[in-house]
Amino acid sequence: MKDRIIFLPKIESEVEEKHISIWWTILMIDEFLFEALTQAISKQTEMDEELLRMLKMSIEIPPTLELGERSSNIAFKLAKSLRKSPFEIAETLSSEINAIREKIKEIRYAEAVKGYINFYFDFRHLFNILDKRIDREKHKFGRNSSGRGKKIIVEHTSINPVKPLHIGNLRNAILGDIMSRLYEWNGWEVEVQNLIDDYGRQVATLIWGLLNNVHLDISRNYKENFDVWLGRVYSHCNSVLEASQRWKEVDQVMIDMRNNPAIYRFMRSICQECVDSNLETAWKHGITYDFLVWESDISRSGIWEEAQSLLERNEYFYWEKEGENEGCFVAYLGHLPEFEDKKNPIKIFIRSNGVPTYVAHDVGLQLWKYGLVTPKLRIRSLLKQENEHGKTKELWTSTDYEIDFPYTRKFGNADRVCNVIGVEQEYLQEIVRYSLKLLDLEDKYRNSYHLSYKHVNAPQARFSGRSGNWYEERAWADAVLEDTFDEAMKVLTSKRPDLDEHPENKRIITTNVSIAALRYWLAKFSTETEIKFRIEDATSLEGDTGPFLLYSYVRAKKILEKSKQMKFQSKLAIVDSDISLNEKQLILDLYRLPEVIKSAADSFQPIQVTKYAFELSSSFNRFYETSRVINAESEPLKSFRIKLVKDFHIIMQNVLQILGIPLVDEM
RNA sequence: GGAUCCGUGGCUCAGCAUGGAUAGAGCGUCUGCCUUCGGAGCAGAAUGUCGUGGGUUCAAAUCCCUCCGGAUCCGCCA
């Protein structure tokens, strides 16, 4: 037995001394249980790696606190090999653990129930450790350095610059934004990219319309943002083209955009204005970027030529000399088991007319993100963005200006890439990934992640820029936020009439509450769930919502403000039995943050954070209801509870930061 | 035709990767709780053949297969 069991990550300075590689795996509360169980089992049978793995998996949270704070079902798994009943094994192991429990202060006792081993903790001890940790690390609590020295590129938003972000694009952006925050908390260097496809057919369609004065049919409302108006024009262009069948002219615009400098400049300036408009929307929602990557800049940087020469050296990429794909540069994926069942194992990368396909571009882009191709891309710093906590972040962009800007920064060279793209592009993203595998870049292949999510749809149809149905449904991001704002304003007006005298304060609270509502709503679903857009769901402020989180946070804040002048004992003078069930639950939830941060990032599931945040808030609200803090029954209890509130306040703040939800002081 | 994903109370969803105790939330409905740190809250009630049928297992919402219903993908479109 070790002298001391460590079950929380060490702070940074200590980490460097010893636990550098494994420290984050020994985070959680489960660690001392693991130790205790290992001790007990090794007296019964030989420990091997498989058994250790099984043991680790066996530790779970029981359905109710009456069945213990943690439990293990390991007795079931051991039943066969030990040829005993689970019941009997659980009994033996429990008494074994109880015999050594003096060495493990955290465990009060273990109990065998119906084959399970249920553990009961010493919460006074447990809380003491946690409280000291949080007090020391404060707003760093929950961070780890598992990603130290590594860089991830998160690409998200990436809409065609012809329209505003609609609610579905916002889902994309928020999932990506939370992922980038999570990775930062895991110690990674994070680069957020937003790909601007100004060379595509959608832009050509719009430019065709502008050149032919189609936009004059759509009047711009004086309050309307540029991108909203542009999106309506774009949709109108499609119906005009549909009616007139002048698609060939759009083909010509596609060519002109590439060859005619005047047309290019015109297109670029329109797109730039649209992107500016899109950025304003993103910022309102707390989303920032590091780098805007323009497709036209990328295209002309020679990226594809470089990627092509890399691919040409590989046997799976070749020029087709005969058959229907004659003259095309293709990828052969047929020998990969994942593509066996596909009708066509051959994917065209360069058309017979010499123009690379979309997927080829994506492969080039992916290679560039890993620093495997090094195009000459001109970049410049566009501006400094300020986030909800007042931190500034520089926004860079690729540029077509023939000037070298004096400040440069290194982009690309990632160790991991996360592309936030809709589920309909799963097949294409697979091709991108497997191309890396074919190039023998096994490591890059494994580190390429497609964060796939399903769309946010209108009750009857899909949202599409082409049909313009986002406009009738008021489903563009700014409109949804406005509607949520109105809803929150109504609530605030009825609940806080006193705020009418502080209109500016009221406006800030309402704004932040509505951002909280929307961000939380878009992140709380599994990415595999299609969200049906109903405004009353999006703007809901009660129950499993963002404002619920803020509300518990504000409650804690108010208590701390009121207790500021009070004296309380710094030493924990309570005994275990003073701690109520609700308090125990809250302590257990506070312990979970580091694990959630690790697990949500590893599995690319922002939902884990929203779920945790809701459970944590619920625990606090229950505690709030049953435990008086300022008028506590005794001085020791008061001191303990103030500490608990303080810890919750810090951890909730950390959680809200990861979710990108701005704080409020009151609501 | 082939592939992938989804199907869980009236509604909206977690849970499935790694099978374990009574299948969890929120909304809505009903009943309580404001002389108590702010009720956007809390406590409680009712509502479930976890799409269907089979299989594996001591144990299946979870793993495997069948069928039904819905979505998406399988372009020299982007």
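Here is how names work: the chains are called A, B, and so on, in the same order as the sequence lines, proteins then strands, and each is numbered from 1.
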Do any side-chain nitrogens or oxygens of [X] fall under 4.0 Å of OP1 or OP2 in [N]?
X        : N     : answer
A/Lys495 : B/A40 : yes
A/Arg462 : B/A71 : no
A/Arg351 : B/C77 : yes
A/Lys557 : B/G38 : no
A/Tyr624 : B/U36 : no

Per [X] side chain, nearest of listed nucleotides [options]:
X        : options             : answer
A/Lys454 : B/A21, B/C6, B/C42  : B/C6
A/Arg622 : B/C76, B/G38, B/C42 : B/C42
A/Ile559 : B/A40, B/C37, B/G39 : B/C37
A/Arg628 : B/G39, B/U36, B/C27 : B/U36
A/Met667 : B/A40, B/A14, B/A21 : B/A40

Kindly determine whether A/Trp319 and A/Glu312 satisfy side chain to side chain donor-acceptor pair (under 3.5 Å), including the steps that lead there. CA-CA 9 Å; A/Trp319 290 94; A/Glu312 273 173 336; 2.9 Å; yes
Intra- and interstrand pairs of RNA chain B - dot-bracket, Watson-Crick/G-U under 3.5 Å, | marks other strand: (((((((..((((......[...)))).(((((.......))))).....(.(((..]....))).))))))))....
A/Asn621 CG - B/C33 C1' separation (whole Å):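 Rounded to the whole Å, the gap is 15 Å.
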Base of B/A21, side chain of A/Thr64 - is there a donor-acceptor contact under 3.5 Å?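 Per atom types, no contact qualifies.
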Is it the case that B/G41 (base atoms only) and A/Arg555 (side chain only) share a donor and an acceptor within less than 3.5 Å, ignoring hydrogens and angles?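 There is none.
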Is there a stack between A/Tyr551 and B/A40, judged by ring centres under 5.5 Å and planes under 30°?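 Taking the rule of under 5.5 Å and under 30°, the ring of A/Tyr551 does not stack on B/A40.
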Is a donor from one side chain sitting under 3.5 angstrom from an acceptor on the other, for A/Asp544 and A/Tyr520?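 There is such a pair between these side chains.
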Under 3.5 Å, is there a donor-acceptor pair linking the side chains of A/Ser514 and A/Thr484?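 No donor-acceptor contact under 3.5 Å links the two side chains.
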Anti or syn - B/C50, cut at 90° from 0: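 Here B/C50 takes the anti form, which means its glycosidic angle is more than 90° from 0.
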